[in-house]
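Just below is one structure, and these are the notes that go with it.
Proteins come first, then strands; the chains are lettered A, B, ... in the order of their sequence lines, and each starts at number 1.
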Amino acid sequence: MSKEKDLRLSSILIRWYNRNKRDLPWRDTTDPYIIWISEIILQQTRVDQGYAYFTRFVKRFPSVDLLAQAEEDEVLKLWQGLGYYSRARNLHAAAKIVLEKYQGVFPQDYTDVLSMKGVGEYTAAAIVSFAYDQPHAVVDGNVFRVLSRIFAVEEPIDSTKGKKLFSQLAQELLDDKRAGLHNQAIMEFGALQCVPVSPDCNSCPASVMCLAYAQDKVNVYPVKAGKQKVRARFFNYFDVRYGDGYMLLHKRTAKDIWQGLYELPLIETAEAMSIEELHRTDSFRRIFENGDGLHIKYITQMKHILSHQAIHAVFYQVEVRKVSAVDGYIEVRASDVDEYPVSRLVHKYLEKM
DNA sequence: AACTCGGGGAG
DNA sequence: CTCCCAGAGTT
């Protein structure tokens, strides 16, 4: 016994979508690889921000085997500036697995897609519905917002209960016969019509069935419980120049921000420190113990804000006649530094120099 | 369940 | 400033 679905909302959203959708390149294909790339890029990222990255990425890596064969540094370089760099590392690792485990054929089974690194429930549903029209409902930030308003859901979207509740609700509302279209429609509706701040409910075709609108409580949904705090960190960067145009770089490998990216020699301190204080640290002595004719000059300081950290960075330029190899650092030609993937913070410094 | 992981744009 | 974006992984 299957109960007939109520597809009135789906019908409204699809009608709205057909009239208002943006023309986006990843909607012109059913190639799961292309759709996968677009979905990873768009995780926690606005279309406007990810668009150019998508274009460059699929131009350089038009197929999964070409991505799998690339060096991780090149993948990260293409990702530079976009943030959440684990997306790029996971994308690259997953491409290799597709090549080896699936002989280069992108998996079609939802569970197989879900098992890929960097692919969670949202992305798996997006890929199989857009590429194969399989009936899996997407639940992203847009869907949370649209459904929480229409049904006046009081459960916080960042709670385990809330996530389950919205998944079930989204799946109940899904038009199984046109899942891809339905999923595109509800997300685009959230992105353009049912926007986070002061949506234009007067022009909304779903306002007739929107409980939040009826109660004049559109601005209270979606309900969120979370509050994240920001950690302060102090980065002291040393732009070490020596010889005939050489400098030192270090690849971040720790489980921390910017994993896989390169940066200048760094001394992180628990609080702000003067250069005189830095001189006395073990880290300083380790980096510069073999420094001959050391000359340090203050260059600039920058405050770099992440969603969860506030980094206070100070940059110094260090001139030495010669440095011997220091463990963990690589020596590169200063003219080649643009080849290496770096954080926005380091990039902003480098482009000033 | 709570925490971590980027960067940018809108208001 | 605050919020949040086609979220996922780790602890």
Side-chain angles (χ1 to χ4, degrees), chain A residues 17 21-22 24-27 35-54 76 79-91 93-94 113-127 129-130 136-146 156-164 166-167 170 180 182-192 194-199 219 221-222 224-231 233 252 254-261 302-311 341-348:
Chain A
Y17 177 71
K21 65 180 173 184
R22 292 166 290 184
L24 299 172
W26 46 86
R27 288 183 178 151
I35 293 168
W36 174 46
I37 301 301
S38 73
E39 290 304 332
I40 300 299
I41 287 177
L42 292 172
Q43 285 172 3
Q44 293 293 284
T45 304
R46 295 171 199 283
V47 167
D48 291 340
Q49 189 187 0
Y51 193 105
Y53 283 86
F54 170 83
L76 283 170
W79 211 269
Q80 179 177 302
L82 195 54
Y84 285 152
Y85 298 94
S86 64
R87 292 184 293 175
R89 289 184 277 109
N90 288 334
L91 197 61
V113 176
L114 183 60
S115 74
M116 294 169 66
K117 281 187 176 181
V119 175
E121 289 183 12
Y122 161 76
T123 304
I127 292 172
S129 68
F130 298 160
H136 287 88
V138 294
V139 182
D140 72 332
N142 293 306
V143 175
F144 278 126
R145 188 170 55 254
V146 171
I157 63 171
D158 52 355
S159 69
T160 304
K161 276 184 65 180
K163 287 181 179 34
K164 267 187 70 175
F166 280 96
S167 297
H182 171 105
N183 280 338
Q184 293 277 16
I186 190 169
M187 286 194 290
E188 190 78 334
F189 181 79
L192 300 182
C194 195
V195 294
V197 179
S198 46
N219 56 342
Y221 300 105
K224 294 178 106 177
K227 23 74 184 126
Q228 60 178 350
K229 53 217 170 212
V230 175
R231 170 164 74 120
R233 301 177 73 174
R252 294 179 67 91
K255 277 184 50 107
D256 195 355
I257 56 172
W258 303 328
Q259 187 182 348
L261 302 189
M302 303 179 193
K303 186 175 177 183
H304 190 70
I305 302 298
L306 307 181
S307 47
H308 47 292
Q309 296 184 16
I311 297 171
V342 298
S343 66
R344 286 292 290 147
L345 173 62
V346 172
H347 188 256
K348 280 178 183 169

Roughly how far apart, to the nearest Å, are [N] and [M] at atom [atom1]?
| N | M | atom1 | value |
| --- | --- | --- | --- |
| C/dG9 | B/dG8 | C1' | 23 Å |
| C/dA6 | B/dG11 | C1' | 22 Å |
| C/dT11 | B/dG6 | P | 15 Å |

(message) Go nucleotide by nucleotide along DNA chain C from the 5' end; which of A/Lys117 and A/Glu39 gets its closest nucleotide reached first?
(response)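 Its nearest nucleotide being more 5', the pick is A/Glu39.
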(message) Pick the closest DNA chain C nucleotide for A/Pro196 and for A/Gly120 by heavy atoms, then say which residue is nearer the 5' end.
(response) A/Pro196
Counting the atoms with a prime plus P, OP1 and OP2 as sugar-phosphate, which does [X] contact under 4.0 Å by heavy atoms, base, sugar-phosphate, or nothing?
| X | result |
| --- | --- |
| A/Trp36 | nothing |
| A/Val119 | sugar-phosphate |
| A/Lys224 | sugar-phosphate |

(request) Please state whether the rings of A/Phe166 and A/Phe144 are parallel, tilted or perpendicular, taking 30° and 60° as the class boundaries. (result) perpendicular
(request) Summarise protein proximity over nucleotides 3-11 of chain B in one line of letters, 5' to 3': B for base, S for sugar-phosphate only, - for none, counting protein heavy atoms closer than 4.0 Å. (result) S-BBBBB--
(message) Please check: side-chain N/O of A/Arg87 versus main-chain N/O of A/Ile40, any donor-acceptor pairing under 3.5 Å?
(response) yes
(request) Taking the side chain as every heavy atom from C-beta outward, state whether A/Pro222 and A/Arg145 have any pair of such atoms under 4.5 Å apart. (result)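 Answer yes - side chains close enough.
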(message) Is the shortest side-chain heavy-atom distance between A/Phe189 and A/Tyr17 below 4.5 Å?
(response)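 No, too far: nothing below the 4.5 Å cut-off.
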(message) To the nearest 0.5 Å, what is the distance between CG on A/Leu306 and CD1 on A/Ile311?
(response)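 The CD1 atom of A/Ile311 is 4.5 Å from CG of A/Leu306, to the nearest 0.5 Å.
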(request) On DNA chain C, reading 5' to 3', which nucleotide is the first and which the last to sit with an atom under 4.0 Å from a heavy atom of chain A, could you check? (result)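 On DNA chain C, the outermost contacted nucleotides are C/dC4 to C/dT11.
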(request) Could you tell me whether A/Trp79 and A/Tyr53 have their ring centroids closer than 6.0 angstrom? (result) no
(request) Answer yes if the side chains of A/Gln259 and A/Arg252 hold a donor-acceptor pair under 3.5 Å, and no otherwise. (result)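 Note: A/Gln259 and A/Arg252 side chains miss the donor-acceptor criterion.
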Anything under 3.5 Å between a donor and an acceptor, one on a side chain of residues 117-125 of chain A, the other on a protein residue two or more places apart or in another chain? List them.
{"residue": "A/Tyr122", "atom": "OH", "partner": "A/Glu39", "partner atom": "OE1", "Å": "2.6"}
{"residue": "A/Thr123", "atom": "OG1", "partner": "A/Gln43", "partner atom": "NE2", "Å": "3.0"}

(message) If the threshold is 4.0 Å, N to carboxylate O, is there a salt bridge linking A/Arg233 and A/Asp256?
(response)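 Yes, this pair counts.
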